[in-house]
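Counting from 1, the numbers follow the sequence of the chain as shown. Fair warning: this is a prediction, and the values are worked out from it, not measured in the lab.
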Amino acid sequence: MRAVRLSLVTATAVAALTAVTGCTEKGSSGDSDRVIDVTATDSKCEVSKKEFPAGHVELAIENKGSKVTEVYVLFPDDRIVTERENIGPGTKQKVTAEVKAGDYTIACKPGMTGDGIRQAVKATGGTVAKRDPRLDAAVASYRKYAQEQADATIPKVQTFADAIKAGDLDAAKKAYAPSRVGWERTEPIAESFGDIDPKTDTRADGLEKGQKWTGWHVLEKALWQDKKIGAEQKTLADQLVTDLKDWQKRVGKADITPTSMANGAKELLDEVATGKVTGEEDRYSHTDLSDFKANVDGAQQAYELLKPVAKENDAALVTELDKQFAALNTLLDQYRSDKTSDGFVSYDTVGEADRKKLSDGVNALAEPLSKLAAAVVTKSS
């Protein structure tokens, strides 16, 4: 889960990430029915059209504000159709999405906080363009994968909660990172529901005004920084299990498309760049590399399922993605350890030079990964 306030280190990571994902994007001419120009500032969210044909659409986003922003396409009930986070000031990005006919909202979130500046839009027409059957199979396989990850998470988080309720500090610490792996692999699905992620994976600096802090990270703080387990922590542990069981039940109903899979893979790399590489995600336990690896695994799973179609449409992109996934996984393997419960060295032992290498590896993968959704759409619709 991203925090809404950026430290200097995080802001630097965002700048690097948006540089590689945005600097090569050319501005849209705005004359295509399926291209929506979105101009974000610190006080406005302007869209070039309020109606567009259902099917594949492209958001050509430009951040003309002074703050890092996010842009969302939302269902009427605020579930997420697609999103692009960490769009730096003065940068441009493109997002391809698939939408059915109906009403939607485009929201810009300057400073990555609050409900955002919103514009009501409508997709018209009764049908979505015919899709390659291999992409339907990819969606089905990804849905199965996401459900398997959720199902595997519940017993692990129950072990974590049971250790807390038993007052066993060491056992709870050992169970913490493993309980997060399935969640981190499929986090874009959880975020798409809107209400589960804030309950389970919010950091202290990501809390909205009046929001009670619940979930993994408040328990992480109690275990590592406060070094205590009391009645409140035991209640919070039970609540975490309850909230994650809610997530488990909802996964099968998630709205998943080939483009949401591709965009979700990119979102996972954004999570790495702005939380894991900087050490802000698991700041008390320093188990960031476990989350890092889980994010990469989830992104790669989505990519591999979309790869056959993407390869036909853009073979050079697939070659580059294969190369960069392999390079980043090889780099992560250098930090493995058999002395920790999560299989990686404590992140507070990773120096700035090594963190820079990890950041560079993430950015090298994020740039071509941002083009995957477009490669899936090309010739397939």
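Taking 4.0 Å as the cut-off between side-chain N and carboxylate O, Asp115 and Lys109 do not count as a salt-bridged pair. Using a 4.0 Å cut-off between a side-chain N of Lys or Arg and a carboxylate O of Asp or Glu, Arg203 and Glu281 qualify as a salt bridge. Salt bridge status for Lys174 with Asp170: absent, with no side-chain N to carboxylate O gap under 4.0 Å. The pair Glu271-Lys276 meets the salt-bridge criterion, since a charged nitrogen lies less than 4.0 angstrom from a carboxylate oxygen. With respect to Asp238 and Lys234, no salt bridge is recorded, no charged nitrogen being found less than 4.0 Å from a carboxylate O.
Looking at Val81 and Leu74, their side chains never come closer than 4.5 Å, going by heavy atoms from C-beta outward. Residues Val47 and Phe52 are not in side-chain contact: their nearest non-hydrogen atoms beyond the backbone lie 4.5 Å or more apart. At a threshold of 4.5 Å between non-hydrogen side-chain atoms, the residues Ser285 and Trp224 count as touching. Side-chain contact between Ile106 and Tyr72 is absent, with no heavy-atom pair separated by less than 4.5 Å. Considering only heavy atoms from C-beta on, Leu240 comes within 4.5 Å of Leu219 through its side chain. Pro53 places a side-chain heavy atom less than 4.5 Å from the side chain of Arg34. Two residues are said to be in side-chain contact when any heavy atoms from C-beta on lie closer than 4.5 Å; Thr274 and Glu85 fail this criterion. Counting heavy atoms from C-beta outward, Thr349 and Tyr335 have side chains that stay 4.5 Å or more apart.
Pairs of residues two or more places apart, or lying in two chains, that qualify as salt bridge (Lys or Arg N to Asp or Glu O under 4.0 Å) and include a residue from residues 222-233 are Lys221-Asp226. The ring pair (Phe, Tyr, Trp, His ring centres under 6.0 Å) contacts involving residues 257-283 comprise nothing, where partners must be two or more places apart or lie in separate chains. Residue pairs meeting the salt bridge (Lys or Arg N to Asp or Glu O under 4.0 Å) criterion with at least one member in residues 140-154: none, sequence neighbours excluded. Sorted by first and then second residue, the ring pair (Phe, Tyr, Trp, His ring centres under 6.0 Å) pairs involving residues 245-275 (not counting sequence neighbours) are Trp183-Trp247. Note on residues 323-335: pairs passing salt bridge (Lys or Arg N to Asp or Glu O under 4.0 Å), not counting sequence neighbours, are Asp333-Arg336. Counting only residues at least two apart or in different chains, ring pair (Phe, Tyr, Trp, His ring centres under 6.0 Å) contacts with residues 257-310 comprise Tyr303-Phe325. Counting only residues at least two apart or in different chains, ring pair (Phe, Tyr, Trp, His ring centres under 6.0 Å) contacts with residues 78-120 comprise Phe75-Tyr104. Identified under the salt bridge (Lys or Arg N to Asp or Glu O under 4.0 Å) test for residues 337-351, with sequence neighbours left out: none.
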Next item on the list: Given side-chain contact (heavy atoms from CB on, under 4.5 Å), test Thr113 with Glu208 step by step and report yes or no.
Entry: CA-CA 8 Å; Thr113 184; Glu208 299 287 350; 3.6 Å; yes
Check: Step by step, would you call Asn329 with Gln300 a side-chain hydrogen bond (donor to acceptor under 3.5 Å, both in side chains)?
Finding: CA-CA 10 Å; Asn329 280 314; Gln300 189 163 11; 3.0 Å; yes
Checklist line | Evaluation steps, side-chain hydrogen bond (donor to acceptor under 3.5 Å, both in side chains), between Thr202 and Trp216 | finding: CA-CA 8 Å; Thr202 297; Trp216 270 298; over 6 Å; no
Checklist line | Full working for side-chain contact (heavy atoms from CB on, under 4.5 Å) between Val38 and Glu62 | finding: CA-CA 6 Å; Val38 181; Glu62 182 174 7; over 6 Å; no
Margin query: Please evaluate residues Ile256 and Met261 with respect to the criterion side-chain contact (heavy atoms from CB on, under 4.5 Å), reporting the C-alpha separation (whole Å), side-chain torsions for both, the decisive distance (0.1 Å), and the verdict.
Written below: CA-CA 7 Å; Ile256 302 172; Met261 288 169 60; 3.7 Å; yes
Check: Run the side-chain contact (heavy atoms from CB on, under 4.5 Å) check on Gln119 and Thr105 step by step: do they pass?
Finding: CA-CA 6 Å; Gln119 293 280 3; Thr105 297; 6.0 Å; no
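No donor-acceptor distance shorter than 3.5 angstrom exists from the side chain of Ser337 to the backbone of Phe344, with no hydrogens or angles considered. Without hydrogens or angle criteria, Thr330 side chain to Ala326 main chain gives a donor-acceptor distance under 3.5 Å. In this structure a side-chain-to-backbone donor-acceptor pair under 3.5 Å is present from Asn295 to Glu184. Side-chain atoms of Asn263 come within 3.5 Å of backbone N or O of Thr259 as a donor-acceptor pair. Formation of a donor-acceptor pair under 3.5 Å by the Ser370 side chain with backbone atoms of Glu367 is found in this model. No donor-acceptor distance shorter than 3.5 angstrom exists from the side chain of Asp288 to the backbone of Tyr347, with no hydrogens or angles considered. Thr96 contributes no side-chain N or O that, together with a main-chain N or O of Glu58, makes up a donor-acceptor pair within less than 3.5 Å. Checking side-chain atoms of Asn63 against main-chain N and O of Thr91 turns up no donor-acceptor pair under 3.5 Å.
Atom SG of residue Cys108 and atom CZ of residue Arg84 lie 14.0 Å apart, to the nearest 0.5 angstrom. To the nearest 0.5 Å, atoms CG (Asn86) and CD (Gln93) are separated by 8.5 Å. Note that the CD1 atom of Ile61 and the CD1 atom of Ile87 stand 4.0 Å from one another [nearest 0.5 Å]. With values rounded to the nearest 0.5 angstrom, Thr186 atom OG1 is found 8.5 Å from Leu268 atom CG. Distance check, rounded to the nearest 0.5 Å: CD of Gln334 to CG of Leu332 gives 9.0 Å.
Under the salt bridge (charged side-chain N to carboxylate O under 4.0 Å, His left out) criterion, Asp246 pairs with Arg250, not counting sequence neighbours. With sequence neighbours left out, the salt bridge (charged side-chain N to carboxylate O under 4.0 Å, His left out) criterion links Lys173 to no other residue. By the salt bridge (charged side-chain N to carboxylate O under 4.0 Å, His left out) test, Asp291 pairs with Arg180, sequence neighbours left out. Every residue meeting the salt bridge (charged side-chain N to carboxylate O under 4.0 Å, His left out) condition with Asp297, not counting sequence neighbours, appears here in chain and number order: Arg185, Lys293.
Side-chain atoms of Thr200 and Asp243 form no donor-acceptor pair, as typed in the model, at a separation below 3.5 Å. Using a 3.5 Å distance cut-off with no hydrogens or angles, the side chains of Glu220 and Tyr176 do pair a donor with an acceptor.
Only one option out of Val121, Thr82, Val57 pairs with Val73 in a side chain to side chain contact (heavy atoms under 4.5 Å, CB included); it is Thr82.
The minimum heavy-atom distance linking Lys49 with Ile36 is given by the pair CG-CG1, 4.0 Å. Smallest separation of non-hydrogen atoms from Ala40 and Thr69: CB-CG2, 4.2 Å. For the pair Ala101 and Gly125, the tightest heavy-atom approach, listed with the atom from each and the gap, is CB-O, 2.5 Å.
Heavy-atom neighbours of Lys357 NZ from other residues, nucleotides or ligands within 6.0 Å: at or below the threshold of 12.
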